[in-house]
Protein chains: 2
Amino acid sequence: MKDTDDKLTSRNIKPTAMRELVLDILTEQKMAISLSDLEQKFHKSDKVTLYRTLKTFEEKKLIHSIDDGTGAIKYALCKETCQCHPEDLHVHFFCLKCQHTFCLSNIPIPSINLPVNFSVENINMVVKGVCSNCND
Amino acid sequence: MKDTDDKLTSRNIKPTAMRELVLDILTEQKMAISLSDLEQKFHKSDKVTLYRTLKTFEEKKLIHSIDDGTGAIKYALCKETCQCHPEDLHVHFFCLKCQHTFCLSNIPIPSINLPVNFSVENINMVVKGVCSNCND
DNA sequence: AAAGTTTATGCAACTGAGTTGCAAACTAAT
DNA sequence: ATTAGTTTGCAACTCAGTTGCATAAACTTT
Ligand SMILES: [Mn+2]
Ligand SMILES: [Mn+2]
Ligand SMILES: [Zn+2]
Ligand SMILES: [Zn+2]
């Protein structure tokens, strides 16, 4: 668990057993998962502990959250270098067939021209459609 | 209420008293409002009736819904000509100061290049920042 | 090592948005 | 007026997210 520990400590998160476990699960995922998805990956677990673990991870920018419109926030690992700044933002994709949410990590969010006197802090862009896996 | 009635019937919605009232409230709004916002504009009202009214309006494309990430879906009137097709989609703005959600009706959602074999049905783009009103 | 302090975990209980079922009220057509 | 279809109101429920509090575990200081 040396690697996992390092990832945690480098983000100023104390590496507890619980947190290592959660980080390992998140690392395995090819798609973003919700709190209840995460909960179901344990035989016995406490939702609140997992909830707070995710909150801590997000706060320390180890993961980022995605509101894909399904009603449950999804979470995915950030890149090593990610500081969750506007330049780290990318498009997310929700597949209407398999219901999975993906990070399109290499598709940056296009910049837009806002009306005068509007300032931007953050942008959420979720594309819904059918993923390559589900398109035959 | 002739005008209100016409708007309803032109979208194939039977003009009941309740629906006229809701449409009038929605028409007055400069920003998108949630179900509970709407509920609070009545002295006495039934949340479920308002809920179903909004659902009907949305289904008939009289209004569209916006998931701004606050946890409550917001609703705003569609343009007369709107068919809620991709070409009708526009950017939405959530002000972190006044907590209001606006339609940026004349800012279309920029098109993006998805990975191969991904197809698009819908795009949700919400910009968060400070609106002109709150920027002095 | 023991005592004290901080931090993490587990359990219970709650909030708030959204939703369903069903019966009463209403509307439109015969 | 009778009927059939639609809308409304009330109760009750689901489910994600959240808070409070007590215990457990991890560090700090002596
Ligand atoms: Mn992502
Ligand atoms: Mn809009
Ligand atoms: Zn898919
Ligand atoms: Zn504002």
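Sequence lines set the chain letters: A, B, ... in the order given, protein chains first and strands last, and positions in each chain run from 1.
What separates NZ of B:K14 from P of D:dA4 is a distance of 16 Å, to the nearest Å. If you measure from atom CG of B:N12 to atom P of D:dT6, you get 13 Å, rounded to the nearest angstrom. Computed from coordinates, the B:L8 CG to D:dT6 C1' distance equals 15 Å when rounded to whole Å. To the nearest angstrom, P of D:dT7 lies 17 Å from CG of B:L21. Across the protein-nucleic acid pair, B:K74 atom NZ and C:dG16 atom C1' stand 14 Å apart, rounded to whole Å. Separating the CD atom of A:E20 from the P atom of D:dA25 is a distance of 16 Å, rounded to the nearest angstrom. The nearest whole Å value for the distance from the CG atom in B:L38 to the C1' atom in C:dG16 is 16 Å. The separation between B:E39 atom CD and D:dC10 atom P is 12 Å, rounded to whole Å.
Among the nucleotides C:dG10, D:dT19, D:dT8, the one closest to any side-chain atom of A:Y51 is D:dT19. Listed nucleotides C:dA8, D:dA16, C:dC11 differ in distance to A:A72; the shortest reach to its side chain belongs to D:dA16. Across C:dC11, C:dC22, C:dG18, the shortest atom-to-atom separation from the side chain of B:R52 is found for C:dC22.
Between B:T16 and B:K55, the residue whose closest nucleotide on DNA chain C is further toward the 5' end is B:K55. Comparing B:R19 and B:K47 along DNA chain D, the residue whose closest nucleotide (by nearest heavy atom) sits nearer the 5' end is B:R19. Both B:Y75 and A:V48 lie close to DNA chain C; mapped to their nearest nucleotides by heavy-atom distance, the more 5′-ward contact belongs to A:V48.
The environment of A:E87 atom CD is dense: over 12 non-hydrogen atoms of other residues, nucleotides or ligands sit within 6.0 angstrom. Other residues, nucleotides and ligands contribute at most 12 non-hydrogen atoms within 6.0 Å of the CG atom of B:N133.
With hydrogens and angles disregarded, a donor-acceptor distance shorter than 3.5 Å links the side chain of B:N135 to the backbone of A:N117.
Grouping the Ile, Leu, Val, Met, Phe, Trp and Tyr side chains by contacts below 4.5 angstrom, directly or via other members, places A:I25 apart from A:M31.
Heavy atoms of B:S34 sit nowhere under 4.0 angstrom from any nucleic acid atom.
Between D:dC10 and B:K44, a contact under 4.0 Å exists linking OP1 or OP2 to a side-chain N or O.
Contact between B:F102 and B:C95 at its shortest, heavy atoms only, is CE1-CB, 4.4 Å.
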